[in-house]
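Atom set for the values below is all heavy atoms of this structure, side chains included, hydrogens, waters and symmetry mates excluded. Note that the structure is predicted; figures quoted are calculated from it, not measured. Each residue takes its place number in the sequence, starting with 1.
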Amino acid sequence: MAVSELDENDRKALLQDHPEWELINDGKAIRRTFQFDDFSQAWGFMSRVALIAEAQEHHPEWFNVYAKVEITLTTHDADGLSVRDATMARAIDRLV
């Protein structure tokens, strides 16, 4: 199923609603870094995100070192940001 890329106004609205996320890759993705107290907290967070990703069938790109988790959201089918990324960012933000 084809997924539409967000237009400039939608990307601006996404960032206004989720100010902790930053636009990267020429506006094709958003990224947020999370810092936890220790590895166990970071891993628990990643596990909760993984369950959401499976339910939404939209999986993040992420990087983890000890207590730091960096998440990048993009929709490859849209070659950029889509409503899937906005929905995922909202769900992730609710976890913290």
Sorted by chain and residue number, the side chain to side chain donor-acceptor pair (under 3.5 Å) partners of Q41 (sequence neighbours excluded) come out as none

Common cluster, F39/F63, ILVMFWY with side-chain heavy-atom separation under 4.5 Å: yes

Can you sort out the partners of E70 under side chain to side chain donor-acceptor pair (under 3.5 Å), two or more places apart, ordered by chain and number? none

Looking at E57 and R84, does any basic side-chain N land under 4.0 Å from a carboxylate oxygen? no

Validation row: R90, D17 side chains within 4.5 angstrom (heavy atoms): no

Nearest-0.5 Å distance, CH2 of residue W43 to CG of residue D38: 13.5 Å

Salt bridge (Lys or Arg N to Asp or Glu O under 4.0 Å) filter on D7, not counting sequence neighbours, yields none

Side-chain heavy atoms of R32 within contact of T72, under 4.5 Å: no

Closer than 3.5 angstrom, by distance alone: can the side chain of N64 be matched with the main-chain N or O of K68 as a donor-acceptor pair? yes

Side chain to side chain donor-acceptor pair (under 3.5 Å) partners of S82, counting only residues at least two apart: T75

Derivation of the salt bridge (Lys or Arg N to Asp or Glu O under 4.0 Å) call for E5 and K28: CA-CA 9 Å; E5 185 177 4; K28 300 286 186 181; 3.3 Å; yes

Hey, could you give me the NE2/OG1 distance between H58 and T87, rounded to the nearest 0.5 Å? 8.5 Å

Connected to V96, directly or through other members, by ILVMFWY side-chain contacts below 4.5 Å are L6, L14, L15, W21, L23, I30, F34, F36, F45, M46, V49, I52, W62, V69, I71, L73, L81, M88, I92, L95

Got a sec, which residues hit side chain to side chain donor-acceptor pair (under 3.5 Å) with K12, two or more places apart in sequence or on another chain? E8

